[in-house]
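Structure first, then comments.
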Amino acid sequence: MIQTERVSTGNPGLDGLLEGGFPKGRSVLVTGEPGTGKTIMALQFLADGLARGEKGIYVAADEGPLDVIEQASSIGWDFEKFVEQKHLAILNAGTYLSPIPGVGKERNIDIHKAVNDLAGFVNRLGAKRLVLDPAGPFMLIRDTASRIQDQSRLLVKLLRSSMETTNILTSYAVPRTGERFMHGIEEYLVAGAIVLEMVWARDHFVRSLIIEKMRCTDVKPAQLQFEIIKGQGLVLSA
């Protein structure tokens with residue numbers, strides 16, 4: 001019987017719900033509104049890998065390496081030493097995005113070139129874990145819905161075929177007429193989808209997590225509360 005290999009999320013409680021972690025070599029979408037914990041969840045995933053001797057790469061869109069190191073440090077993870085040891089690389093998404101001329105003033109992202117260039121770096125480093133935070137810059141978000149869907153499918157496909165990493169892709173989600181709207185990546189294109197939310201519980205807001213899908217995993221539908229704790233990251237509430 002074929003068994004799915006797993007990669008720990010860095011969160012013991014979440015690993016328990018996912019039969020050990022994310023499916024190895026696949027992409028998982030973590031989506032939510034600003035402030036819900038997407039970046040911390042991604043950093044926790046990398047921190048766990050580094051502690052296990054697995055090299056990682058964090059691709060940021062808006063923040064520089066020092067910003068990422070500072071945020072990790074605020075939780076209790078010393079990323080600076082891993083960067084110095086070349087076990088961790090913090091890259092800027094713009095380095096890998098080569099716009100190609102489109103119609104009029106529109107320019108499309110050459111996803112093939114972007115992922116191939118990134119894969120070259122991943123393979124040279126020997127990285128096992130990859131984070132795109134957010135994944136949106138690898139697509140032309142202002143394009144038509146069908147075009148975005150095509151770009152999303154291509155991105156996920158190329159990540160899987162070009163490198164052997166297990167990936168977290170973050171994406172913003174904003175309320176729209178009572179429903180979540182995903183910017184850039186449709187959930188059905190990835191192996192897993194986790195939604196982070198702020199919900200009102202009694203007299204205050206709490207953070208919650210929903211595992212909307214995880215391939216090859218018997219996931220029970222549930223909205224789980226969690227806290228962000230220094231030295232641990234995301235911790236599911238008992």
Side-chain angles (χ1 to χ4, degrees), residues 3-59 68 71-72 74-77 79 82 88 127-135 156 159-160 164-173 180 182 185 187-199 201 205-238:
Q3 291 189 332
T4 301
E5 290 188 74
R6 301 284 171 173
V7 175
S8 174
T9 65
N11 183 324
L14 185 56
D15 282 351
L17 298 173
L18 297 178
E19 300 176 9
F22 298 142
K24 185 177 181 179
R26 306 298 293 270
S27 294
V28 174
L29 174 66
V30 177
T31 188
E33 298 176 53
T36 50
K38 299 184 299 297
T39 293
I40 292 176
M41 185 174 185
L43 294 174
Q44 186 169 352
F45 173 67
L46 290 178
D48 177 78
L50 292 167
R52 296 171 185 269
E54 299 175 3
K55 295 181 179 180
I57 293 180
Y58 182 98
V59 183
V68 176
Q71 183 161 12
S74 71
I75 302 298
W77 301 313
F79 275 15
F82 290 111
L88 172 67
K128 298 299 181 183
R129 302 190 184 204
L130 171 69
V131 168
L132 303 185
D133 184 27
V156 173
L159 287 174
R160 189 177 185 190
E164 298 181 354
T165 52
T166 303
N167 316 308
I168 282 185
L169 316 180
T170 73
S171 178
Y172 295 114
R180 282 188 303 274
M182 308 303 170
I185 302 176
E187 291 185 21
Y188 73 87
L189 298 174
V190 291
I194 295 176
V195 178
L196 306 182
E197 295 182 318
M198 295 282 260
V199 297
F205 280 104
V206 296
R207 291 184 171 90
S208 74
L209 176 154
I210 303 172
I211 306 168
E212 294 214 334
K213 66 173 282 189
M214 195 64 60
R215 286 182 184 157
C216 306
T217 308
D218 181 18
V219 176
K220 302 297 189 294
Q223 186 168 41
L224 308 164
Q225 292 185 16
F226 69 88
E227 296 180 86
I228 296 176
I229 299 176
K230 190 174 181 65
Q232 298 181 67
L234 271 67
V235 177
L236 297 184
S237 302

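Each residue takes its place number in the sequence, starting with 1.
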Any donor and acceptor pair, going by atom type alone, linking the side chain of Thr31 with main-chain N or O of Ser171 inside 3.5 Å?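 Yes, the answer is positive, given that a donor and an acceptor are paired below the 3.5 Å cut-off.
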
Sequence neighbours excluded, which residues qualify as side chain to side chain donor-acceptor pair (under 3.5 Å) partners of Asp15? Ser8, Thr9

Test of understanding: with side chain to side chain donor-acceptor pair (under 3.5 Å), list the residues that count as partners of Arg6, not counting sequence neighbours.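 Scan of Arg6 (side chain to side chain donor-acceptor pair (under 3.5 Å), adjacent residues dropped) gives Glu19, Thr217.
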
Salt-bridge present (Glu54, Lys128; N to O < 4.0 Å): no

State, to 0.1 Å, how close [X] and [Y] come at their nearest heavy-atom pair, and which atoms those are.
{"X": "Thr170", "Y": "Pro134", "value": "OG1-CA, 3.1 Å"}
{"X": "Ala127", "Y": "Thr165", "value": "O-CG2, 3.4 Å"}
{"X": "Trp77", "Y": "Gly231", "value": "NE1-O, 4.5 Å"}
{"X": "Val199", "Y": "Ser208", "value": "CG1-OG, 3.7 Å"}
{"X": "Asn167", "Y": "Ser27", "value": "ND2-OG, 3.1 Å"}
{"X": "Ala135", "Y": "Leu169", "value": "CB-CB, 4.0 Å"}

Non-hydrogen side-chain atoms of Arg26 and Arg160 separated by less than 4.5 Å: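 Side chain of Arg26 against side chain of Arg160, heavy atoms only: contact under 4.5 Å found.
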
For residues Leu18 and Val219, determine if any side-chain heavy atom of one lies less than 4.5 Å from a side-chain heavy atom of the other.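 They are in side-chain contact.
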
Drop me the distance from [X]'s [atom1] to [Y]'s [atom2], to the nearest 0.5 angstrom.
{"X": "Gln225", "Y": "Leu209", "atom1": "CD", "atom2": "CG", "value": "11.0 Å"}
{"X": "Thr166", "Y": "Leu130", "atom1": "OG1", "atom2": "CG", "value": "9.5 Å"}
{"X": "Ile211", "Y": "Leu14", "atom1": "CD1", "atom2": "CG", "value": "5.0 Å"}
{"X": "Ile228", "Y": "Ile75", "atom1": "CD1", "atom2": "CD1", "value": "6.0 Å"}

Going through the distances and angles, do Arg207 and Glu197 end up as a side chain to side chain contact (heavy atoms under 4.5 Å, CB included)? CA-CA 6 Å; Arg207 291 184 171 90; Glu197 295 182 318; over 6 Å; no

Partner set under salt bridge (Lys or Arg N to Asp or Glu O under 4.0 Å) for Asp48, not counting sequence neighbours: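 For Asp48, the residues satisfying salt bridge (Lys or Arg N to Asp or Glu O under 4.0 Å) (neighbours in sequence not counted) are Arg52, Arg129.
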
Would you tabulate the side-chain donor-acceptor contacts of residues 40-47 under 3.5 Å, counting partners in other chains and residues two or more places apart, or write 'none'?
residue, atom, partner, partner atom, Å
Gln44, OE1, Leu234, N, 2.7
Gln44, NE2, Gly10, O, 3.1
Gln44, NE2, Gln232, O, 3.2
Gln44, NE2, Leu234, O, 3.3

Provide the full list of salt bridge (charged side-chain N to carboxylate O under 4.0 Å, His left out) pairs with a residue in residues 213-229, sequence neighbours left out, each pair given once. Asp218-Lys220

Write out all pairs satisfying side-chain hydrogen bond (donor to acceptor under 3.5 Å, both in side chains) with one or both partners inside residues 34-43, taking only residues at least two apart or from two chains. Thr39-Asp133

